[in-house]
S.K.: 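Have a look at this one before I ask anything.
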Amino acid sequence: MKTVRLTVAEALAKYLAAQMIEIDGNKEQLFGASFAIFGHGNVTCFGQQLKNIEDKIPTWRGQNEQSMATAAIAYAKANQRRRIGIATSSIGPGATNMVTAAGIAHTNRLPLLLISGDAYVSRLPDPVLQQPENFEDPSITCNDTFKPLTRYWDRIVSPTQLMHTLPQALDTMLDPATCGPVFIGLPQDIQGVAYDYPEVFFAEKVHRIRRPEPEMVVLEEARDILAKARRPLIISGGGVHYSLATDELATFSAKHNIPVVETIAGRATMLQDNPLNAGPIGVTGSDSANFMAAHADVVVAIGTRLQDFTTGSWTVFRNPDMKLVSINVAKFDAVKHMSFPVLGDARTCMTKLSALLGDWRADQEWADTAKAQADQWKALVQKRTHPQEGDLLPGLSSYAQVIGKLNTSMEQGDTILTAAGGLPAELAMNWQNYQIGKFDIEFGFSCMGYEIAGGWGAKIANPDNDVVVLVGDGSYLIQNSDIYSSVLTGHKMIVVVCDNGGFAVINKLQNNTGNQSFNNLLSDCRRPDGELARVDFAKHAEAQGAISEKLTSIDDFDAAFARAKAADRTYVIVVDIDPVSPAAWSKCDCWWEVGLPEVTRNEDTARMVAEWEEGRRHQRPGV
């Protein structure tokens, strides 16, 4: 067997560069982007090797380890999990900064390859810089913190490990049932150790995403359940996107006349003008979708992990005899709440189940109900996006107004992206799907700071179209440095900063649970002299190299967005948002469980707790 003598760092880079994936009949690099901040733990060996393969895997310089790993996640999501981003850091704080990103990827079932430097295996120079030292177990380093938040974890202590670890790591990320983040620790001394690797280990390999087949006997049982339904409903989740099954969803629902509702991750799996699209479900959804869920007798959940915001903490299903059929590649997700689990790829399962159902169709009256309910929701969206004079505080706008403007101004191929705070609910509740996909709300981990970094990663994945980032002032302040990253690397974004003067959505929850406003709105966090300090976001963005402007009226938004579209670099638009007026917030009739006190100290809190407990009457207790 022919061998080639390489260091561990050389072998790792060479292997990653040899991995390809077939997409639409074309062969692409599996790892399409690398994000790096170098330090003493990864620059001397692995950093140089990334330089040597930059013609195959370009490396982009981040400004913060968390944000660069977040960009890698958004890159994978924009590629529908078919291409993967790498994030590499030094040891210690550089590594632990990426733990939050690991949580995002793990929760959202997205692939991410994390590679961090590590302490010396020899321990001869111990303790080294940025090594905390565990008193009871010297083998533990900061990198062990990734173990609960990764699907596969390894520390390379011998060069031979790579030949086992790397194929396993790739398989974990590429298998739709186990897809998630992978962590590899590279001790500083081991990175430079050489070994005679078999040349065949570095041969080009073309990967394809598996499509697990369901068992026929299981599909037949699912058919029998569905065929008895009078009011069936499909919940379309993110797995429909990742299975590339949006066409099959439209075909399946049309053939069998079954209404569809969408989760947050499943938004834009079906066009809004489809008469069977009953809108988004759950706490951040629509009354139309929640009405359908409340009256359904069979619910087919496709590619969703049924998060509490989807199920209203399991209160949206009001029919005690409702049967739940869950189609999912992951057994962990498929068996929740005593569902009838169908393990398999979403596209494959829908195609085969449709064939078994033959000409069976749900009652037209039920489909008509879905359309009537959806029409009412769309009319409500129209009102929210066009508030009347006096609904909002003077000179301020609402999230819904901004979303309405973007909904009519964005072009085919453009991506809309947001994450934490009030914007996920407002976007999910009010967006109208004019195109399939190109929609990213990170609301599995609800990570403040995903927005701008995620926009950068999504733009790298979609260089020919605009990525529009919606970010609140709170998230902006937590993580904004990738405005500079986008300017530095030439990946233009359009960033809309919605400034409501603090953490307004949490202030709203604080008030709605009977508590007084405290430590959320900036107006409640004044200096001792009473002065209210505010950030000039337009100037801040400009200081990072972006073009920016602050609007004095929402009426100026269309013209500002046109200027942003025409700009040659990242463009930031700042809009002042009403944080308190009832009309400033979109809502639907859906319960959500939050932790409330059993013992209350005032009438307001007692009243709110009683109202919350009233909503619990409809909660399904795990079955």
S.K.: Is it true that Lys565 and Asp414 make a salt bridge, defined as a side-chain N closer than 4.0 Å to a carboxylate O?
M.R.: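 Judged by the 4.0 Å cut-off on N to carboxylate O distance, Lys565 and Asp414 do form a salt bridge.
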
S.K.: Counting N and O atoms only, with roles assigned by atom type, does the side chain of Glu65 sit under 3.5 Å from a partner on the main chain of Ala95, one being a donor and the other an acceptor?
M.R.: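 Not at all, since once roles are kept as given, no pair shorter than 3.5 Å links the two residues.
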
S.K.: Between the main-chain N or O of Leu406 and the side-chain N or O of Asp558, is there a donor-acceptor pair closer than 3.5 Å?
M.R.: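 Side chain of Asp558 to backbone of Leu406: no pair is present.
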
S.K.: Test side-chain hydrogen bond (donor to acceptor under 3.5 Å, both in side chains) on Thr570 and Ser486; report intermediate values, then the result.
M.R.: CA-CA 7 Å; Thr570 292; Ser486 70; 2.6 Å; yes

S.K.: Using the test salt bridge (charged side-chain N to carboxylate O under 4.0 Å, His left out), find all partners of Arg82 that sit at least two apart in sequence or belong to another chain.
M.R.: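 If we apply the salt bridge (charged side-chain N to carboxylate O under 4.0 Å, His left out) test to Arg82, skipping adjacent residues, the hits are Asp24.
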
S.K.: List the steps and the verdict of side-chain hydrogen bond (donor to acceptor under 3.5 Å, both in side chains) for Thr385 and Gln401.
M.R.: CA-CA 4 Å; Thr385 55; Gln401 280 181 293; over 6 Å; no

S.K.: Testing the 3.5 Å rule here: is there a donor-acceptor pair between the side chains of Asp391 and Gln388?
M.R.: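 No, Gln388 and Asp391 have no side-chain donor paired with an acceptor closer than 3.5 Å.
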
S.K.: Do you see a donor-acceptor pair shorter than 3.5 Å between the side chains of Trp456 and Thr489?
M.R.: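 Side chains of Trp456 and Thr489: pair found under 3.5 Å.
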
S.K.: For Thr141 and Arg155, which I'm curious about, is there any donor-acceptor pair between the side chains at under 3.5 Å?
M.R.: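 Side-chain D/A pair, Thr141 to Arg155: present.
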
S.K.: Check step by step if salt bridge (charged side-chain N to carboxylate O under 4.0 Å, His left out) holds for Lys14 and Glu10.
M.R.: CA-CA 6 Å; Lys14 189 176 181 66; Glu10 286 178 311; over 6 Å; no

S.K.: To the nearest 0.5 Å, tell me how far Asn79 CG sits from Ile23 CD1.
M.R.: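 Nearest 0.5 Å value for the CG-CD1 distance: 6.0 Å.
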
S.K.: Check the surroundings of atom NZ in Lys378: do more than 12 heavy atoms from other residues, nucleotides or ligands lie under 6.0 Å from it?
M.R.: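 Yes, because the 6.0 Å sphere around NZ of Lys378 holds more than 12 heavy atoms from other groups.
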
S.K.: Flag the pair Glu442 and Lys77 as a salt bridge only when some basic side-chain nitrogen lies within less than 4.0 angstrom of an acidic carboxylate oxygen.
M.R.: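 No, this pair does not count.
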
S.K.: Given 3.5 Å as the limit, does a donor-acceptor pair link the side chain of Arg83 with the main chain of Ile21, or not?
M.R.: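 No; judged by distance alone, with no hydrogens or angles, the pair does not exist.
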
S.K.: Assess whether a salt bridge exists between Arg534 and Asp499, defined as any Lys/Arg side-chain N lying under 4.0 Å from an Asp/Glu carboxylate O.
M.R.: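 A salt bridge links Arg534 with Asp499.
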
S.K.: Are a donor atom and an acceptor atom from the side chains of Thr263 and Thr304 found within less than 3.5 Å of each other?
M.R.: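 Result is no, nothing qualifies.
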
S.K.: Please check: side-chain N/O of Asp529 versus main-chain N/O of Glu531, any donor-acceptor pairing under 3.5 Å?
M.R.: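 Flag set: sc Asp529 to bb Glu531 pair under 3.5 Å.
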
S.K.: Do Leu50 and Phe38 touch side chain to side chain, with heavy atoms closer than 4.5 Å?
M.R.: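 SC-SC contact between Leu50 and Phe38 confirmed.
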
S.K.: Exactly one of Asn515, Asn500, Asn519, Asn520 should register a side chain to side chain contact (heavy atoms under 4.5 Å, CB included) with Asn507. Which one does?
M.R.: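 It is Asn520; the other options fail the test.
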
S.K.: Give a yes-or-no answer on whether the side chains of Thr269 and Glu262 include a donor-acceptor pair shorter than 3.5 Å.
M.R.: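 There is such a pair between these side chains.
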
S.K.: Can you tell me if Tyr152 has over 12 outside heavy atoms packed within less than 6.0 Å of its OH?
M.R.: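 Correct, the count exceeds 12.
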
S.K.: Answer with yes or no whether the side chains of Glu426 and Ser586 bring together a donor and an acceptor at under 3.5 Å.
M.R.: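 Per modelled atom types, Ser586 and Glu426 side chains form a pair under 3.5 Å.
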
S.K.: Can any side-chain N or O of Thr408 pair as donor or acceptor with the backbone N or O of Lys405 at less than 3.5 Å?
M.R.: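 Confirmed, Thr408 side chain pairs with Lys405 backbone.
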
S.K.: Verify whether one side chain among Lys438 and Asn462 offers a donor that lies under 3.5 Å from an acceptor in the other.
M.R.: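 The criterion, which ignores hydrogens and geometry beyond distance, is satisfied for Asn462 and Lys438.
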
S.K.: Could you grab the distance from atom CG of Leu12 to atom SG of Cys45, nearest 0.5 Å is fine?
M.R.: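 Separation between the atoms: 11.5 Å.
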
S.K.: Assess, by modelled atom type and distance only, whether the side chains of Ser581 and Asp578 contain a donor and an acceptor separated by less than 3.5 Å.
M.R.: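 Side-chain D/A pair, Ser581 to Asp578: present.
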
S.K.: Do Lys492 and Asp568 meet the salt-bridge criterion of a basic N to acidic O distance under 4.0 Å?
M.R.: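 Looking at Lys492 together with Asp568, the answer is no, because their closest N to O distance does not fall below 4.0 Å.
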
S.K.: Taking Trp585 for the side chain and Pro579 for the main chain, is one N or O donor matched with an acceptor at less than 3.5 Å?
M.R.: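 Judged by distance alone, yes, a pair lies under 3.5 Å.
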
S.K.: Tell me whether Lys539 is salt-bridged to Glu542, with the criterion being a basic N under 4.0 Å from an acidic carboxylate O.
M.R.: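 No, Lys539 and Glu542 are not salt-bridged.
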
S.K.: Okay, side chain of Glu549, backbone of Val574: is any donor-acceptor separation there less than 3.5 Å?
M.R.: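 Here the side-chain-to-backbone pair does not exist.
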
S.K.: Can you see which heavy atom on Leu522 is nearest to which on Leu532, and at what distance?
M.R.: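 So the minimum-distance heavy-atom pair works out to O-CD1, 3.3 Å.
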
S.K.: Just by distance, no angles: are the side chains of Thr59 and Glu54 close enough, under 3.5 Å, to form a donor-acceptor pair?
M.R.: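 Short answer, no.
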
S.K.: Keeping the roles fixed (side chain from Gln510, backbone from Phe518), state whether a donor-acceptor pair exists under 3.5 Å.
M.R.: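 Confirmed, Gln510 side chain pairs with Phe518 backbone.
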
S.K.: What heavy-atom pair brings Ala69 and Met98 nearest, and what distance separates the two atoms?
M.R.: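 Between these two residues, the closest heavy atoms are CB-SD, 4.1 Å.
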
S.K.: Using distance alone, with no hydrogens and no angle criterion, decide if Asp482 and Ser67 have a side-chain donor and acceptor under 3.5 Å apart.
M.R.: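 Looking only at side-chain atoms, Ser67 and Asp482 do form a donor-acceptor pair, the distance falling under 3.5 Å.
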
S.K.: Quick check on Gln516: does its CD atom have over 12 non-hydrogen neighbours (other residues, nucleotides or ligands) under 6.0 Å away?
M.R.: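 No, CD of Gln516 has 12 or fewer neighbouring heavy atoms, counting only those of other groups under 6.0 Å.
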
S.K.: Does Gly39 offer a backbone N or O that forms a donor-acceptor pair with the side chain of Asn42 under 3.5 Å?
M.R.: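 A pair under 3.5 Å: yes.
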
S.K.: Check whether any side-chain N or O of Thr88 sits under 3.5 Å from a backbone N or O of Ser116 as a donor-acceptor pair, and report yes or no.
M.R.: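 No.
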
S.K.: Could you list the residues that satisfy ring pair (Phe, Tyr, Trp, His ring centres under 6.0 Å) with Phe146, not counting sequence neighbours?
M.R.: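 So Phe146 forms a ring pair (Phe, Tyr, Trp, His ring centres under 6.0 Å) with Phe183.
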
S.K.: Strictly below 4.0 Å, N to O, side chains only: are Lys550 and Asp576 in salt-bridge contact?
M.R.: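 Judged by the 4.0 Å cut-off on N to carboxylate O distance, Lys550 and Asp576 do form a salt bridge.
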
S.K.: Could you state the interatomic distance from CD1 (Ile478) to OG1 (Thr100), rounded to the nearest 0.5 Å?
M.R.: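 Going from the CD1 atom of Ile478 to the OG1 atom of Thr100 covers 10.0 Å.
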
S.K.: Out of Phe35, Trp60, Tyr75, which residue meets the ring pair (Phe, Tyr, Trp, His ring centres under 6.0 Å) rule with His491?
M.R.: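 The residue from Phe35, Trp60, Tyr75 that satisfies ring pair (Phe, Tyr, Trp, His ring centres under 6.0 Å) with His491 turns out to be Trp60.
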
S.K.: To the nearest 0.5 Å, what is the distance between OG1 on Thr44 and NE2 on His40?
M.R.: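 Nearest 0.5 Å value for the OG1-NE2 distance: 9.5 Å.
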
